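Heads up: the structure comes next, in structure tokens.
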Amino acid sequence: MYHAKGRPGRRSMPAPVRMALVLCLTLAAFCTVVLADGVPEAQTLQELQEAEVKAAVETYLRNYAREAMLYEATDQRAGTVYEPQFVPAWEGEKFRVNGKEVFLTELQKNIQFLEKKAAYYAAVRQMQNIYREDLQLHYTYRSLKMEEYSARVSVRETATFYYTDSHRQSVYETGYVVYLVKFTGRWLVADVSDGSGFDEMYKKNPDFDLTAALEEFSAGLKAEEAVLTAPYEPDPGVGDTRILYNGKNAAAYAATYCRPDEKTSRKYYNPRFKSYAGQGGDCMNFASQSMWAGFGGSQTAAAIDGHAAPMDTEGAETWYGRTSASGTKDSDILNWISCSSFWKYLNGEKDKTAGSNQSADNGMYATIITAPRYSPITGVSPEELIGAVAHVSGSGGDYSHAIVLTAAVGNQRGEIWYCSHTADESHIKLGDYYFGPVRVYIPRYMRIRPEEKPVIQPEPIAPVLVHSSGRVGFRTAVPQARLSIVVETPDGTRTHAALAENAAACGADFSFAQAGLYRVDCTASTAEGVSQELTYYVRCMEKGIRAAAPPVENPEIDPEAEVPWTVVPETGEEVPPEDGTDLPPVEDDASLLLPAD
């Protein structure tokens, strides 16, 4: 609610506001139109107000994204309470926003903070040589609550783009809470929060030193302080009791079951597993599925329900998943679906149980890398990071959200890509958003009984474009009498794609003519007629992959130079995606600065 200058509690509107309200009411009276068939269609004043609020929100967020993501100079004041005409002429004005009496000058500090935030993200991304193009922004409104002179909007922004050094489309989503006030007849942005680590660090101290923050970030990029535990040296003498990990297979699985575009993401989840989106988040469930695929898991309901190898079902600590129809209790598979429980699975609990990493029993062995804020992920080669799982900051604090690393050309965070569920993000650079502590798990092998070791080792591929070809195949540890591959297209047509005899590998180039999931059934048979089967899937997409181009030469940023981004000098709820998220919450109390005296 607006209050007259210096007189809190009194409903006295300035003349411009009264005139604007009269104009809106007049327009509303003329907004009824008659269609050709004579049916009236009324557009109410409320609808006009909501449209104006949404336009203000999207205009601001697009301006913010252009500066923070494309590094274009934009006027962060436009459409906000910090427009130049409001400074300082209206400094005594007060508003009731979110149940608080707040001075206009306090709201303006929110916009000053957002200016610095956009400059910070633009700077640190360029320090990491992160550039993107073909940026498209899509907005979905989850709630819009309006009072007479204030509004609160919960909106999800889904960004699609291409990094200049990648041919695969990237998808990132951000949940925003936006507060607006109606002032001088217009809806103006007063505050924006996204629950990010940056907001957590700096929002309560908006006068923070931007230059010092960037210098700290630059120093962190150079400090190789990652700590590696559980090192790995291949041992060829234990082949029959171990399933070795294939990170590329894990990365292919993650890319297959992660959204390729801005459309509803849940339809891209693997339907053979239960989803935990909306039940605490599907992040670790998705990460476990990817590791399972990296160990060669067969994607059939029978294999999943039967907890077939490479799932770990023995000993005090187990690691296995479940299908949607399974009778398995969620409480029995916490190591599969919970970040903290997976950590305990590998490392055990102090004075209670030994973790899988320390055990000689069946179970996973994984190298673990813990990297502090800003630090690169060192101690292993970039190739070893492909298919690894990382725990990053989430709603539960450090290491509470799981992502899958799907590509790496170096050890810097700006050289590593990831995919994740809830939030549903595809092919995003780690250094684009995750600056805080990171814990990386590189599975090395799964200990099993010799009789459990699968014969077939799949060779799945990453998603392909429609009307392109890709190789489907598998191999076996030793030659088999007969190997065959049958591919089922999205419309149900089954084709014998490859056949080999007395061989240890089978494969063929296959033409993908329809968009959707292709089922690949692999069969290996001995001379005695004993067969083993394994199934995996390949996703074919209509868009999202472009022809590979030579790397763009982006300008180098001198971290020692003065910050080249203009910053205006200081003048004195979890927001989940559609079905839940593991990202930090946006708290109402943190959205606005202290109430006016």
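Because the structure is predicted, anything quoted here is derived from the model rather than measured.
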- Query: Among side-chain atoms of Thr174 and Asp194, is any donor-acceptor pair under 3.5 angstrom?
  - Reply: no

- Task: Test the Arg242-Phe295 pair against the cation-pi criterion, namely NZ or CZ under 6.0 angstrom from the six-membered ring centroid and within 45° of the ring axis.
- Result: no

- Message: Regarding Asp398 and Ser393, do their side chains bring together a donor and an acceptor under 3.5 Å, going by distance alone?
- Response: yes

- Task: Kindly state each residue pair satisfying ring-ring contact (aromatic ring centres under 6.0 Å, His included) with at least one member in residues 378-398, sequence neighbours excluded.
- Result: His391-Tyr441

- Message: Applying salt bridge (charged side-chain N to carboxylate O under 4.0 Å, His left out), can you list everything that pairs with Asp330, at least two apart in sequence or on another chain?
- Response: Lys274, Arg322

List the atom pairs, with distances to 0.1 Å, where a side-chain N or O of residues 368-375 and a protein N or O form a donor-acceptor pair under 3.5 Å, not counting sequence neighbours.
from: Ser375; atom 1: OG; to: Ala223; atom 2: O; distance (Å): 3.2
from: Ser375; atom 1: OG; to: Glu225; atom 2: N; distance (Å): 3.4

- Query: If only atom types and distance count, is the side chain of Thr526 paired as donor or acceptor with the main-chain N or O of Val530 below 3.5 Å?
  - Reply: yes

- Query: Who pairs with Glu314 by salt bridge (charged side-chain N to carboxylate O under 4.0 Å, His left out), at least two apart in sequence or on another chain?
  - Reply: Arg449

- State whether Tyr537 and Arg272 meet the cation-pi test: NZ (Lys) or CZ (Arg) under 6.0 Å from the six-membered ring centroid, and within 45° of the perpendicular axis. yes

- Task: Verify whether one side chain among Trp417 and Ser166 offers a donor that lies under 3.5 Å from an acceptor in the other.
- Result: no

- Hey, does the Lys NZ or Arg CZ of Arg444 hover above the aromatic six-ring of Tyr245, less than 6.0 Å from the centre and inside 45° of the axis? no

- Query: What residues, two or more places apart in sequence or in another chain, satisfy salt bridge (charged side-chain N to carboxylate O under 4.0 Å, His left out) together with Arg447?
  - Reply: none

- Taking the six-membered ring for Trp and the full ring for Phe, Tyr or His, determine whether the centres of Tyr536 and Tyr253 are under 6.0 Å apart. no

- Arg539 to Tyr268, cation-pi by 6.0 Å centre distance and 45° axis angle: no

- Message: Going by the rule salt bridge (charged side-chain N to carboxylate O under 4.0 Å, His left out), which residues pair with Glu542 if we only count those two or more places apart in sequence or in a different chain?
- Response: none

- Task: Measure the NZ-CZ distance between Lys267 and Arg259 for me, rounded to the nearest 0.5 Å.
- Result: 10.0 Å

- Is the gap between the ring centers of Phe512 and Tyr518 under 6.0 Å? yes

- Message: Ring centres under 6.0 Å, that's the criterion: do Tyr269 and His421 meet it?
- Response: yes

- Could Lys203 and Phe198 be counted as a cation-pi pair, given that NZ or CZ must be under 6.0 Å from the ring centre and within 45° of the axis? no

- Can you check whether Phe286 and Tyr257 have ring centres sitting under 6.0 Å from each other? no

